[in-house]
Amino acid sequence: MHYEGKIYRPWIESESLLIQTTIGCTHNTCTFCDMFREKKFRKRKLEDVLADIEEARTLYPYVGSIFLTDGNVMVLKTDYLLKVIQKIKETFPELTKISLYSSYNDLNRKSVEELKILKEAGLTMAYIGLESGDQHTLDFVEKGLDHDEIINGARKAKEAGIRTLASFIFGLGGKARSQEHIKATTDLLNIIQPEEIAPMALALQPGTTLEQQAKDGEFIQASPLQILEEEKYLIENMTFDTMYWGDHGNNITPMKGMFMESKDRFLTYLEHARNNHPEIHQETLRTFAW
Ligand code: SF4
C-alpha cells in the first residue's frame with residue numbers, strides 16, 4: 001500500500017480502507033484549508049492504484065467500505081474511475097460502500113449518464129465541501145463556486161442516484177456575516193437537499209490565509225454564541241429529511257441523527273448548551289486543527 005503525504009478522510013469514514021487515487025486537490029486555494037497545500041495535484045498511475053487494491057486484499061480479510069483519497073477524486077476521467085471501482089468490486093465482493101471527495105463542479109463536468117455508469121459500477125457516495133450558501137462568503141474564502149454550479153452539480157448527483165454529503169462551516173462568514181451566511185446556507189440546502197450533511201465549527205488552521213486575515217483584523221471570528229445561533233437557525237429552518245452529522249469534535253454541541261426526526265432533540269441540546277457551555281460567552285471558540 002502506498003500513500004503520499006498527509007492523508008485526509010471524512011471522520012465518518014474512520015472505518016474505511018483508504019485507497020489513494022489522486023495526490024492533492026485541483027483547487028487548493030480555499031483560504032481556510034491547508035489539507036493539500038504541500039501537494040501539487042496529479043492522478044496516480046492506474047496500475048499503481050490497482051496494485052494497491054490487490055495488496056490490500058492480502059492484508060484485510062473483510063472490507064466493508066472504501067474511501068478514495070485525496071482531494072476531489074471525482075475530477076478524474078470516468079474511464080479511469082470505472083476501472084478503479086470495477087477492480088475494487090471484483091477484489092472485495094463483501095464491500096457495501098465506495099465513496100470519494102468531489103466538488104460540485106466535478107459533477108458538472110460529467111454527464112448524468114456518466115454518473116449513472118459510476119453509480120451502477122458501485123460508487124455510492126460523494127463528500128462535497130459546500131462551506132456556505134452565502135456568495136459573499138464563498139468569494140471571500142476563494143471557494144470558486146456559485147449557486148448555479150452548486151444547484152446543478154447537486155441535481156446531477158441526485159439524478160444519477162449518487163448520495164451526497166454536503167459539509168459546511170459554522171462561523172465561516174465571521175462575526176459580521178454570521179446571519180447572512182447561515183440564512184443563505186440554509187436556503188441553499190433546502191434547494192439541493194443532500195442526503196447527508198456535516199456542519200462543523202470553523203477552526204483556523206495554522207498557516208492558512210484565513211488565519212493570517214484573523215491576525216490582521218481583516219476577519220473577525222464569530223463568537224461561540226453566534227455559532228450556536230447559526231446551528232439553531234439551521235435546525236429550525238431546514239425543511240427536508242437528511243442524515244445530520246453534527247458530531248464533529250469542534251462543534252459546540254456534537255450531535256447526530258436523522259433529521260427531521262431528531263429536530264426537537266437537537267433544539268433541546270442547543271438550549272442546554274446556551275445555558276451551560278463553559279465557553280458560550282467567550283470571544284472565540286476553542287477549536288482544534290483538523
Ligand atoms: S476546501 Fe476542498 S476544494 Fe478547497 S482547497 Fe481544501 S480540499 Fe481543495
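Every value quoted in this text rests on a predicted model; they were computed, and no experiment measured them. One-based numbering, in listed order, for ligands and for the atoms of each.
Contact between Phe32 and ligand 1 is present, with at least one heavy atom of the residue lying under 4.0 Å from the ligand.
Taking 2.8 Å as the criterion, His27 does not count as a coordinating residue of atom 4 (Fe) of ligand 1, since none of its N, O or S atoms falls below it.
Under 4.0 angstrom from ligand 1, the non-hydrogen atoms of Phe36 all belong to its side chain.
Classification of the Phe140-His136 ring pair by plane angle, with boundaries at 30° and 60°, yields parallel.
Regarding atom 8 (Fe) of ligand 1, its nearest protein heavy-atom neighbour is Cys25 SG, 2.3 Å. In this structure, atom 6 (Fe) of ligand 1 lies nearest to the protein heavy atom Cys33 SG, 2.3 Å. Of the protein's non-hydrogen atoms, the one nearest atom 4 (Fe) of ligand 1 is Cys30 SG, 2.4 Å. Closest to atom 2 (Fe) of ligand 1, if we only count protein heavy atoms, is Lys143 NZ, 3.9 Å.
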Legend entry - Derivation and outcome, side-chain hydrogen bond (donor to acceptor under 3.5 Å, both in side chains), residues Ser132 and His181: CA-CA 6 Å; Ser132 177; His181 162 60; 2.8 Å; yes

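Ile66 places none of its side-chain heavy atoms less than 4.5 Å from the side chain of Ser16.
With ring centers used as reference points, Tyr62 lies 6.0 Å or more from Phe92.
Of the residues Gln135, Lys143, Glu142, the one that meets the side-chain contact (heavy atoms from CB on, under 4.5 Å) test with Asp139 is Gln135.
Looking at every heavy atom in both residues, Phe240 comes nearest to Pro194 through CE1-O, 3.4 Å.
Taking a cut-off of under 4.0 Å to the non-hydrogen atoms of Asn28, the atoms of ligand 1 that pass are 5 (S), 8 (Fe).
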